[in-house]
Amino acid sequence: MGSLERSKRKVQLWKKAIVHFGLCFVMGFFTGFAPGGKASIFSSRVVASNKSHSVQMLPQQVASVPHASNVNRSMIAESPVPTPSSSKESEPAKFLEKEAEAEPKLLPRRLAIIVTPISTEDPYQGVFLRRLANTIKLVPPPLLWIVVEGQSDSDEVSEILRKTGIMYRHLVIKENFTDPEAELDHQRNVALRHIEQHRLSGIVHFAGLSNVYDLGFFDELRQIEVFGTWPVALLSANKNKVTIEGPVCDSSQVIGWHLKKMNNETDKRPPIHISSFGFNSSILWDPERWGRPSSVQQTSQVRTSHQSNLNPALKS
């Protein structure tokens with residue numbers, strides 16, 4: 001009897017434990033699907049009200065604590081805070097403004113187009129080309145150097161131009177000439193056709209390999225509007241004399257040319273040196289702008305001291 005009663009009690013204890021566990025599981029399961037209580041609603045309203053209150057108080061906080069790290073920067077922009085200006089800080093600003101007003105406005109420089117023909121018969125062309133390149137290298141940009149040479153097996157000219165650091169265009173002609181002067185004239189015309197075809201805008205000047213320049217000359221060259229000319233001094237290597245050529249001007253017009261020698265002799269038919277003038281390149285590719293006929297196919301020639309057969313657009 002004692003053993004049966006004990007076994008019944010154990011069974012009853014297990015049944016109670018199972019029923020109790022089942023009730024707790026069911027209550028917990030349905031509690032998870034139940035909506036939040038009133039306390040959670042009230043707490044969310046309190047948070048929302050606190051947030052709106054903090055946003056409204058931000059401008060006051062910015063005004064009272066301008067260096068606060070947790071302040072919204074967009075609100076700082078909306079509420080400017082007056083800052084006292086010191087006279088010490090304003091003095092440098094006024095000085096810079098006066099200095100900026102005193103500085104003249106810099107105008108852009110015109111492109112200087114330097115044309116240099118090279119004769120194949122010149123044995124010292126490499127030496128003269130390096131000397132001229134050293135001068136042109138010192139000229140402020142923009143500058144374009146057009147070098148024209150006859151066809152040759154040597155790459156000396158190309159190597160020299162690549163090492164100069166100057167913006168250049170190297171043109172090579174295929175024609176053969178027995179007369180060095182005729183070859184140089186043809187090379188100049190090739191350069192003029194290149195300028196005309198590519199519509200290069202600038203001031204053109206013919207620079208011979210033997211020319212010597214002052215750097216201020218290129219500043220004056222860029223001041224030319226249409227056509228400009230200047231005196232040229234010619235120094236003979238084997239003769240102890242200097243020949244000076246120059247234009248005869250009436251106000252801003254060139255009405256003639258004269259040649260004056262050191263012994264005060266004058267020449268009635270003075271030649272015009274090819275390096276004694278410069279002109280606006282638009283004369284070549286935009287003749288109508290300067291009141292010239294649009295057809296540039298005419299083959300009129302201008303003779304200079306070098307018998308130069310130049311482009312007809314250069315006729316004055």
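What you see is a predicted model, and the numbers here were worked out from it, not measured in a lab.
Interatomic distance, CG of D250 versus CD1 of I255, reported as 5.0 Å (0.5 Å rounding). Remark: L144 CG to S281 OG distance equals 10.0 Å, nearest 0.5 Å. For the atom pair CG (D286) and CD (E196), the distance works out to 11.0 Å, reported to the nearest 0.5 Å. A distance of 9.0 Å separates CZ of R289 from CD1 of I283, quoted to the nearest 0.5 Å. In this structure, E245 CD and T229 OG1 are separated by 9.5 Å, a value rounded to the nearest 0.5 Å. Between the OG atom in S201 and the CD1 atom in I195 there is a gap of 11.0 Å [rounded to 0.5 Å].
Among pairs with a residue in residues 122-144, none fulfils side-chain hydrogen bond (donor to acceptor under 3.5 Å, both in side chains), at least two apart in sequence or across chains.
A heavy-atom distance below 4.5 Å is not found between the side chains of L184 and F177. For the pair P140 and F218, the minimum side-chain heavy-atom distance is 4.5 Å or more. Proximity of H186 to V190: side-chain heavy atoms (C-beta onward) are separated by under 4.5 Å at one or more points. Between Y213 and L132, some side-chain heavy-atom pair lies under the 4.5 Å cut-off. The shortest distance between side-chain heavy atoms of Q197 and W285 does not fall below 4.5 Å. The closest side-chain heavy-atom distance from V242 to L234 is not below 4.5 Å.
Residue R222 comes nearest to P141 through the heavy atom pair NH2-C, 3.8 Å, listed as atom of the first residue, atom of the second, then distance. Residue L284 comes nearest to P287 through the heavy atom pair O-CD, 4.2 Å, listed as atom of the first residue, atom of the second, then distance.
A donor-acceptor pair under 3.5 Å is absent between the side-chain atoms of S276 and the main chain of P231, judged by distance alone. For the pair S275 (side chain) and F206 (backbone), a donor-acceptor distance under 3.5 Å is present. The backbone N or O of Q253 lies less than 3.5 Å from no partner atom in the side chain of S251, so there is not a single donor-acceptor pair.
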Under 3.5 Å, which donor-acceptor pairs link side chains of residues 157-170 to any protein atom two or more places apart or in another chain?
| unit_1 | atom_1 | unit_2 | atom_2 | d |
| --- | --- | --- | --- | --- |
| S158 | OG | H170 | ND1 | 3.3 |
| T164 | OG1 | L161 | O | 2.7 |
| T164 | OG1 | I166 | N | 3.3 |
| R169 | NH1 | H194 | NE2 | 3.0 |
| H170 | NE2 | E149 | OE2 | 2.9 |

List the atom pairs, donor and acceptor, that lie under 3.5 Å between side-chain atoms in residues 110-120 and the rest of the protein, sequence neighbours left out.
| unit_1 | atom_1 | unit_2 | atom_2 | d |
| --- | --- | --- | --- | --- |
| R110 | NH1 | I224 | O | 2.2 |
| R110 | NH2 | E225 | OE1 | 2.9 |
| R110 | NH2 | E225 | OE2 | 3.2 |
| T116 | OG1 | W145 | NE1 | 2.8 |
| T116 | OG1 | A207 | O | 3.0 |
| S119 | OG | E121 | N | 3.2 |
| T120 | OG1 | E183 | OE2 | 3.4 |

Checklist entry - How far apart are the C-alpha atoms of L129 and L209, what are their side-chain angles, what is the distance that settles it, and do they pass the side-chain contact (heavy atoms from CB on, under 4.5 Å) test? => result CA-CA 6 Å; L129 186 63; L209 286 180; 3.8 Å; yes
Item to check | Derivation of the side-chain contact (heavy atoms from CB on, under 4.5 Å) call for R188 and I274 | outcome: CA-CA 10 Å; R188 294 187 188 100; I274 193 66; 3.6 Å; yes
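With hydrophobic clusters built from ILVMFWY side chains whose heavy atoms lie under 4.5 angstrom apart, F128 shares a cluster with L138.
Aromatic rings of F217 and W230 (six-membered ring for Trp) have centroids within the 6.0 Å cut-off, being under it.
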